[in-house]
Structure formats: C-alpha cells, structure tokens
There are 2 protein chains.
Amino acid sequence: MPRPTIFDVAKVAGVSIKTVSRVVNREPNVRTSTRERVEEAIAVLKYRPDQSARNLASHRSHLIGLVYDDPAAYDMPSGGYILDMQQGALKGCRSAFSELLIHPCDFRKKNVGIELKELIEETRPAGIIVAAPLSNMPKIVRAIDATGTPCVRLSPGNDLGKKCSVSTNDREVSAEMTRYLAGLGHTRIAFIKGNPDHKAVANRFLGYQDGLKESGLEFSENLVAEGDNSCGSGEACAEKLLKRKKPPTAIFAANDDMAAGALRVANRMKIDVPGQLSLAGFDDIALARQVEPALTTIRQPLVQMAERAALMLTKNNNGDSNGNAHDIIPAVMKIRESTGRAPE
Amino acid sequence: MPRPTIFDVAKVAGVSIKTVSRVVNREPNVRTSTRERVEEAIAVLKYRPDQSARNLASHRSHLIGLVYDDPAAYDMPSGGYILDMQQGALKGCRSAFSELLIHPCDFRKKNVGIELKELIEETRPAGIIVAAPLSNMPKIVRAIDATGTPCVRLSPGNDLGKKCSVSTNDREVSAEMTRYLAGLGHTRIAFIKGNPDHKAVANRFLGYQDGLKESGLEFSENLVAEGDNSCGSGEACAEKLLKRKKPPTAIFAANDDMAAGALRVANRMKIDVPGQLSLAGFDDIALARQVEPALTTIRQPLVQMAERAALMLTKNNNGDSNGNAHDIIPAVMKIRESTGRAPE
DNA sequence: AATCAGTTTGACAGCGTTGTCAAAACGCGC
DNA sequence: GCGCGTTTTGACAACGCTGTCAAACTGATT
C-alpha cells in the first residue's frame with residue numbers, strides 16, 4: 001500500500017489539493033469547516049507530506065549547516081568539542097524535523113569565505129551554525145551574511161552585525177577560577193593567553209584580570225604569556241613563566257591544550273603538580289582527564305549551546321524585535337587533581 | 001544568477017538532460033568522450049544536482065548514513081578518529097553528490113538495533129556505513145540487514161553475512177610493530193589486549209603473536225593483560241604487568257588510550273620511557289603526540305577507509321559477483337619517542 | 001550493401017508539492 | 001435583488017530530476 005499523497009487527502013475531504021496544501025501549511029483564508037474536514041482526512045489516511053516534493057516546489061530546505069574549524073586539518077587535534085557541538089546540533093535538528101549538514105574546514109585558509117559561500121549556494125541550507133574561531137572572523141561572518149542565510153554564531157558578543165549568537169560566560173567563570181586559585185593561597189597566579197583571533201579565549205583573559213582584582217591581587221604583565229592555543233605553545237609559555245626569578249605558583253591557561261603543555265614542562269622540570277605548582281585549563285577536553293595529574297578545568301556547555309543554536313534557526317520564536325538574540329549558557333568549573341594549596 | 005540546473009549543463013555540453021543525468025549517476029553506456037564533455041560542463045557551471053528533485057523523481061534518497069559509537073556518551077572520549085571517519089565519508093559523499101547523515105549512538109544500549117531501524121525508516125538512506133565496534137555486533141548488523149539497506153562495515157572480515165567491508169591490516173601491521181620491538185633487542189614484550197567485542201582489536205593480538213613467532217620469541221600468557229580499550233584499564237594492566245617478578249621491557253597496547261594509561265603508570269613508578277621501558281600503541285590518536293614522551297603507534301588510514309566505504313555505497317561498480325567487497329587499506333607505523341633499545 | 005545485435009542517446013511523462021492567478025462564493029449596503 | 005469588495009476555492013503550471021522506451025548510431029558479419 002503506497003504512501004498517501006495530497007491527492008488522496010483531497011479526494012477524501014472533497015476539496016482540491018491546493019486546499020489541502022493550505023491546511024497543511026496553516027495558511028490563512030480557509031473556512032473552519034473546510035479545515036476540519038481536511039484535517040480529518042489527513043488523520044484518517046495518516047498523510048505525511050513528502051519533504052522532497054515540498055522542498056522542490058517551495059525552494060526551501062530543512063537543512064541546518066554546522067560549520068567549524070577542523071583541527072585535524074592542521075594536526076593540532078583536540079577536536080572532542082566538535083563531537084559535543086555535533087551532538088547538540090543534531091538534537092536540535094531532530095526535534096525540528098530538520099537535517100544537519102556538517103562542514104569542517106580550515107580557518108587558516110585564505111579562501112574559507114569563498115568556500116562557505118559556495119557551500120551555501122550548493123546546499124541552500126535553512127540556516128547556518130558557525131563555531132569559533134570562524135564565528136569571530138569578520139570575513140567569514142560577512143561572507144555568510146552576503147548569502148542572506150540566517151546564521152547563529154557560537155561565540156560571545158553581538159559585535160559582528162545583527163547576527164544571533166549563543167555563548168558561555170567565559171569572562172565570569174574565568175574570574176571564578178582565578179578567585180578559586182587565590183582562595184587556595186596563591187598570590188602569583190600566571191595566565192597563558194590564547195590565540196587572539198578567538199574572542200572567547202580573549203574574554204578568559206579579561207576574566208582572569210577581574211578575578212585578580214576581586215581577590216585583591218595585583219595584575220602583572222610578568223605573569224602573562226601569549227600562546228596560540230596549541231599544546232606546544234603552552235610548553236613554551238610555561239617554560240618562560242617558570243624561569244622567572246619569581247615564578248608563579250599557579251598557572252591558569254586559556255585552554256586545556258596549553259595547560260597540558262604546561263604540565264609537560266612541569267614534569268620535565270620535576271616540579272610537582274599540584275604540590276609546587278597549581279595548573280588550571282579551560283574546555284575540559286578528553287586530555288584533561290587523561291593526563292597525570294588530571295587537570296582542573298572549566299567545562300563549556302557545548303551540547304546545549306549547539307542545540308540552542310539549532311533551535312534558534314529552525315523555529316523563529318526567538319530574538320528581539322530586530323530578530324536577533326544573544327543567549328548565554330553558563331559554564332561550570334571542574335576541580336580535579338592539578339590544583340591545590342599554594343606552597344609555603 | 002540562479003543556480004544551474006541539469007538543462008544548463010545539457011546545453012553547455014550539447015547533449016540531452018538525460019545524458020547529464022547518466023553521467024551524474026555514473027550509469028553505464030555513456031561514451032567516454034561524451035562523459036568528459038559533460039563533466040567539464042558540470043565543473044564549469046559548478047552544477048550540483050538538486051537533492052529534492054532527485055529524491056522525488058527517483059523515490060530514493062541520496063543520503064549516506066554514518067553510524068558510530070560516540071565515546072562522549074559514556075565519558076571515555078578519544079573520539080578523534082570519528083572526525084577522521086567523518087572527513088573521509090564526507091569526501092566520498094561529496095564526490096558522488098550525496099549527503100552525509102551522521103548518527104552517533106551508544107553501543108552499550110540494549111536497543112541500538114531498534115534505534116537504527118527507526119533511523120533508517122525515517123530517513124531512508126541509500127546506504128549505511130557502520131563503524132566499529134557496532135560493525136562487529138551481530139545484533140546491529142542484522143538489524144540493518146533486515147531493512148534491506150546497503151551497508152559497508154568499517155571492520156575487518158567477511159564473517160557477518162555478505163556485507164561489504166573496508167578494513168586495515170591490523171594483524172600484519174601489529175606483527176610488524178612486534179618485530180620492530182624485537183629488533184630493538186626486547187625479548188619480554190608484553191601485550192595489553194582490548195575489548196574483545198572489537199574485532200579489529202582482537203586481530204592486533206593475533207598480529208602480536210605472529211610477530212613474536214617471526215622474531216623467534218616465545219609467547220607467554222604472563223606477558224598478556226586484558227583491558228577494555230580505556231585509559232584506566234591500560235593503567236591497571238600496566239601495573240599488573242610491571243609488578244611481575246620478570247617485568248616486560250616493552251609493552252605493546254592494542255590502542256593508544258591504553259598505551260597512554262601505561263605511560264602514566266610508568267611515570268608514577270619512575271620507570272624511564274623509553275630508557276627502561278618501551279611503549280607502543282595503536283591508532284595514533286591526538287593524545288599520542290601530546291604525551292611526554294610522544295607515543296610510538298600505528299596510524300590507521302581512517303580517512304581513506306571511510307571515503308572508500310562511501311564510494312562503495314554511492315557507486316555500484318564495486319564488489320564481487322555476489323555484490324560484496326572487502327577492501328583492505330594498509331596502516332602505517334609511526335615511530336616516536338616512546339620506544340627504544342632494550343635495557344641491558 | 002544489407003542485416004543484426006549491441007551500444008549510446010534523447011523525447012517526454014511523471015514524481016508530490018507549492019505558487020499564481022482567476023473563478024466562485026460570500027457578505028454587505030443599497 | 002444588484003453591485004461591489006472580500007474571502008475562499010480550484011485549475012494548472014512550475015520545481016529539477018529520473019524512468020521508460022524508442023530512435024539513432026555503432027561495427028561486425030553476411
């Protein structure tokens with residue numbers, strides 16, 4: 001028994017297919033009595049519109065694109081967070097009967113903008129979710145804007161045009177982590193900054209400064225090093241910091257990869273963690289639990305963030321009067337073995 | 001400028017739309033010269049078939065499902081290999097103008113079979129790629145079989161029905177690694193087995209035994225421990241092995257997570273790697289490069305494997321007379337810092 | 001040169017829906 | 001009961017592709 005079509009419904013309800021279409025799409029100007037008759041026929045036949053035919057005729061799709069930088073592309077792979085995003089986006093799409101199109105790309109390439117433009121033109125998605133660091137690149141955001149496709153940035157702030165965004169409270173939670181370290185008695189708390197392209201990572205540095213101030217500690221440029229988010233840069237930064245005449249007793253790195261690098265350095269220099277040095281990261285990547293000692297870090301609610309983003313694109317019950325919304329979902333601290341009381 | 005259609009391509013190539021269709025769908029009986037002309041036109045116009053129209057006209061979808069176990073679901077996350085599979089599958093799908101539907105699931109759940117059956121019925125994919133360990137579970141393979149959907153297993157062997165498969169030479173390359181360790185002078189080479197559900201991982205154990213034999217070394221149950229693929233189980237196994245009266249001088253773990261666990265134990269026990277103990281893993285996960293010392297391991301060609309699988313499902317020029325094929329793509333050894341000459 | 005089997009190509013009718021536009025029905029004021 | 005604006009409905013042509021089937025073209029064999 002083949003699946004019923006709009007014609008079958010029309011025949012049963014005694015109307016034209018167009019009227020059925022109107023009912024299905026909740027268009028106005030259908031008499032209530034007619035609508036009810038059609039709805040009954042739909043129920044009786046268990047009619048479900050064919051998505052392909054709908055898409056074809058309406059020139060719309062139910063595709064949501066998820067665009068992210070693929071660290072595997074340049075061999076700096078801590079891509080666990082990508083799976084979280086995918087999971088969240090998938091969940092959001094499912095609940096809205098949409099499909100998810102994943103698109104990993106290399107944010108360092110000159111022509112990512114063009115690549116995305118082509119992707120959008122090829123697949124015509126109903127919306128795009130852009131993850132950091134791509135979501136912080138004006139070039140990228142502009143390229144997507146130019147196609148007119150709705151877009152949600154997984155990134156803090158509303159600085160880049162009127163786009164919607166979903167982000168976490170990087171700054172606040174980083175301040176919290178800093179206060180936590182201060183609370184353990186640390187007075188020389190160093191910070192390893194990340195790639196400045198990455199807006200969220202930059203906010204973590206601001207949070208660090210907030211936290212120092214709130215704890216009555218002085219900020220010093222001598223306790224700051226600038227990495228590029230990679231494990232290797234974390235090593236370099238930690239070495240620099242630990243070779244100071246007055247080395248820090250705690251290092252807070254803007255991400256876990258760099259914190260892991262710092263841990264390697266500590267191991268090499270035979271500095272006990274957390275006995276002599278406390279170490280904290282950010283992101284809660286798999287590695288954070290696998291190194292010895294396990295890293296204290298901060299977990300972003302990426303699954304929920306991506307789900308939220310997908311929902312913002314599939315329903316349009318969100319956003320302010322201008323049609324944009326900026327959701328913030330708070331992160332949580334994960335205290336593990338790498339942080340402890342400051343040494344004497 | 002609207003998106004090019006099959007008519008545009010036909011006009012540029014000077015053929016009928018049907019011929020373009022044949023080229024796009026890789027149907028036989030198109031003269032090579034014609035095919036080339038059409039392919040050029042497709043490239044020039046950047047033509048991409050409209051999925052909705054294709055699906056509508058052909059009554060099937062051009063969706064390829066990629067089904068895999070999501071380690072994040074149970075917090076044992078070394079999911080980097082998933083991104084590789086996705087990348088490969090994506091590549092294969094793109095070249096066949098198909099779309100990729102990703103479906104992470106938890107292989108430990110009782111009802112994964114039902115979940116997959118429902119997924120297939122809802123989305124009607126043209127084919128399914130199943131990754132290990134799901135691809136080794138008869139329950140799962142049978143559930144997919146029952147839907148009649150073509151399926152390629154990313155897993156060794158042709159034991160489970162007539163399904164197609166793509167795998168790597170786990171056994172041979174494991175033997176090679178074992179011979180390499182023996183070649184460094186090690187005579188007591190231990191092996192940490194993985195989860196027995198994972199067929200490929202079991203093959204690595206066989207390869208280890210082959211390698212011992214080929215190197216003239218005796219196999220001993222005392223040098224074997226059984227883990228479950230997790231980092232934690234690697235620690236437990238390594239502890240057990242290293243506490244033996246005659247501890248091994250080399251440990252080959254069936255995967256990198258367990259090797260990383262063994263490394264943690266060595267660090268804790270102040271055993272120098274590779275001075276006193278050589279350590280080798282399998283998979284070349286991100287972690288392998290991030291630990292200190294970096295792990296010697298074996299890299300599976302997952303990207304190519306998944307791409308191959310996608311192509312097997314989108315073209316149908318593969319397989320033997322029974323319509324099944326079993327491709328093997330060789331893995332490569334990555335010698336890093338964690339292996340060295342045996343101590344005196 | 002005619003025949004035949006196979007290969008290669010094209011014309012055209014769908015596929016199930018929405019968009020357009022005109023026709024029909026309705027409601028209201030006279 | 002008529003005219004007029006508004007609401008409701010339907011006929012039919014897209015949408016971009018594939019399936020069917022017949023026509024045209026091959027080349028080997030008479």
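Naming convention: chains lettered A, B, ... in sequence-line order (proteins, then strands); numbering from 1 in each chain. Treat the numbers as computed from the prediction; the structure is a model and nothing was measured.
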### Task
Taking the side chain as every heavy atom from C-beta outward, state whether A/V67 and A/I129 have any pair of such atoms under 4.5 Å apart.
no
### Query
Taking atom CE of A/M85 and atom OH of A/Y68, what is their separation to the nearest 0.5 Å?
7.0 Å
#### Entry: Nearest-0.5 Å distance, CG of residue B/L311 to CD of residue B/Q304
12.0 Å
### Query
According to a 3.5 Å limit on both distances, what stems of 3 or more consecutive Watson-Crick or G-U pairs are formed with DNA chain C?
C:1-30 with D:1-30
### Query
Would you find a donor on one side and an acceptor on the other, under 3.5 Å apart, between the side chain of B/N25 and the backbone of B/E27?
no
### Query
Can you check the B/N29 CG to D/dT26 P distance for me, whole Å?
15 Å
### Message
Distance check needed: D/dC15 C1' versus A/Q51 CD, whole Å only.
### Response
16 Å
### Query
Can you tell me if A/S167 and A/S165 form a side-chain donor-acceptor pair at under 3.5 Å?
no
### Message
To check you understand the geometry: which heavy-atom pair defines the closest contact between A/L134 and A/V141, and what is its length?
### Response
O-CG2, 4.4 Å
### Query
How would nucleotides 11-23 of chain C be written as a contact map, 5' to 3', with B for base contact, S for sugar-phosphate-only contact and - for no contact, using protein heavy atoms under 4.0 Å?
B--BBBBBBB---
### Query
Which value, rounded to the nearest 0.5 Å, describes the distance between A/I128 atom CD1 and A/L63 atom CG?
8.5 Å
### Task
Could you pick out which residue, B/H62 or A/S33, lies toward the 5' side of DNA chain D when each is mapped onto its nearest nucleotide?
A/S33
### Query
When you check the phosphate oxygens OP1 and OP2 of D/dG10, does a side-chain N or O of A/T19 lie under 4.0 Å from one of them?
yes
#### Entry: Considering all heavy atoms, the nearest B/C151-B/L313 contact
N-CD2, 3.8 Å
### Query
Does B/T34 have a side-chain nitrogen or oxygen under 4.0 Å from the phosphate oxygens OP1 or OP2 of C/dT9?
yes
